[in-house]
Each structure stands twice: as structure tokens, then as C-alpha cells.
Amino acid sequence: NLDSVGEHTVVVFIGPEQDNLNFGATSEPVGLANVLAYAGPTTQARVELIGDIASGTAYSGVVSSLDIQPLDRFGNPQDYAMQEQDEFLVNITANDFVTTQCALRRQTDRTREPNPVFFRCSFAPTVVGTYK
């Protein structure tokens, strides 16, 4: 089952084939292949709040961050090895009237293979109040 990214070993056996008596069942593999599966097209995204904002608190002048992790339909993190780059936009609104855009920085997780990509938005609130 290749619905998860990463390295998989594909093992091929032959038979039994009822319509062709030349192929009996084999108990030994006739083929082996190592396959590196990459993420499929992005269909969803996971957002993670980093630091104090994860608990719902931010401080004026202190940088807060959030990560956007694009995922394929199986929940695999996007690696963009075979898929086109997605575009994300983060708008931050303070007190329902001041809206700014947050620049997203592409980050790569080098600890996993294939290397998944996520996007980080960092901002420092300057107005006391409610942000969304």
C-alpha cells in the first residue's frame, strides 16, 4: 500500500494463474524494488500555533509564529518533489479593523525523507486586543 510517503519495498510474486499452466505459484519473490513515494496533490492543510499563542496569549512587541503544513489526501506532509508549489496567504486582523498580511517563509524538514515543506508566519502584535 503506497498511501504513505517514504521508502517502500515492492515485492513481486508470480501465480498461480488458472488460465496459463506455465505459471505455477512461486513462494520466492521474482522481483524486488525499492520505491520512494512522494506526496500527492495538496488537498488540506494543518495549522499549528507556536509558542505562547498556542495557549491563546500573545504579547505586544513579542514575535509569535504559526506553521502551515500542506497535506495530500492521505494526510502526508507535502514535499513538492512531484507537485506544484501551493500558495498561502495569512491575514491578521486586530480588533476587527486593522488587517495586515503576514509574510510566509518556506521551511524544509531535513529530518524526514522525502523532505516535507511547511510555511511559517511570524508577527509581533503592536495593538493590544483580539487577533484573528
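For clarity, every value in this text was computed on a predicted model and none was experimentally measured.
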| With Ala54, which residues qualify under side chain to side chain contact (heavy atoms under 4.5 Å, CB included), at least two apart? | Leu49

| task | Measure the spacing between CG of Asn115 and OH of Tyr80 and express it to the nearest 0.5 Å. | result | 14.0 Å

| query | Looking at residues at least two apart in the chain, or sitting in another chain, which of them share a side chain to side chain donor-acceptor pair (under 3.5 Å) with Thr111? | reply | Asp109

| task | Using side chain to side chain contact (heavy atoms under 4.5 Å, CB included) as the criterion, list what pairs up with Thr130, not counting sequence neighbours. | result | Asn95

| said: So which atom in Gly40 and which in Asp72 form the shortest heavy-atom distance, rounded to 0.1 Å? | reply: N-OD2, 3.0 Å

| request: Please go through Tyr59's hydrophobic cluster and name the other residues, only I, L, V, M, F, W, Y counting, with side-chain heavy atoms under 4.5 Å joining them. | output: Val62

| query | Quick one: disulfide (SG to SG under 2.5 Å) pairs with a partner in residues 72-132, sequence neighbours left out? | reply | Cys102-Cys121

| request: Tell me, please, which residues at least two apart from Val128 pass side chain to side chain contact (heavy atoms under 4.5 Å, CB included). | output: none

| field | Results of side chain to side chain contact (heavy atoms under 4.5 Å, CB included) for Glu7 - residues two or more places apart only | value | Asn34, Leu36

| query | Going through the checks in order, is the salt bridge (Lys or Arg N to Asp or Glu O under 4.0 Å) test met by Lys132 and Asp96? | reply | CA-CA 8 Å; Lys132 55 184 171 178; Asp96 291 328; 2.7 Å; yes

| message | Distance check, rounded to the nearest 0.5 Å: Ile68 atom CD1 versus Gln78 atom CD? | response | 14.0 Å

| message | Looking at every heavy atom in both Ser4 and Ala37, which two are closest together, and how far apart are they? | response | O-CB, 3.6 Å

| Thr42-Asp86 side chain donor-acceptor pair, cut-off 3.5 Å | yes

| Selection residues 82-128 - residue pairs positive for ring-ring contact (aromatic ring centres under 6.0 Å, His included), sequence neighbours left out | Phe88-Phe119

| To the nearest 0.5 Å, how far apart are CG in Leu104 and CG in Leu89? | 7.5 Å

| request: Please go through Ile50's hydrophobic cluster and name the other residues, only I, L, V, M, F, W, Y counting, with side-chain heavy atoms under 4.5 Å joining them. | output: none

| task | Only counting residues at least two apart or in another chain, list the ones meeting side chain to side chain donor-acceptor pair (under 3.5 Å) with Thr100. | result | none

| said: Does anything in residues 60-70 form a side-chain hydrogen bond (donor to acceptor under 3.5 Å, both in side chains)? List the pairs, not counting sequence neighbours. | reply: Ser65-Ser122, Asp67-Arg120

| request: With sequence neighbours excluded, tell me which residues meet salt bridge (charged side-chain N to carboxylate O under 4.0 Å, His left out) with Asp52. | output: none

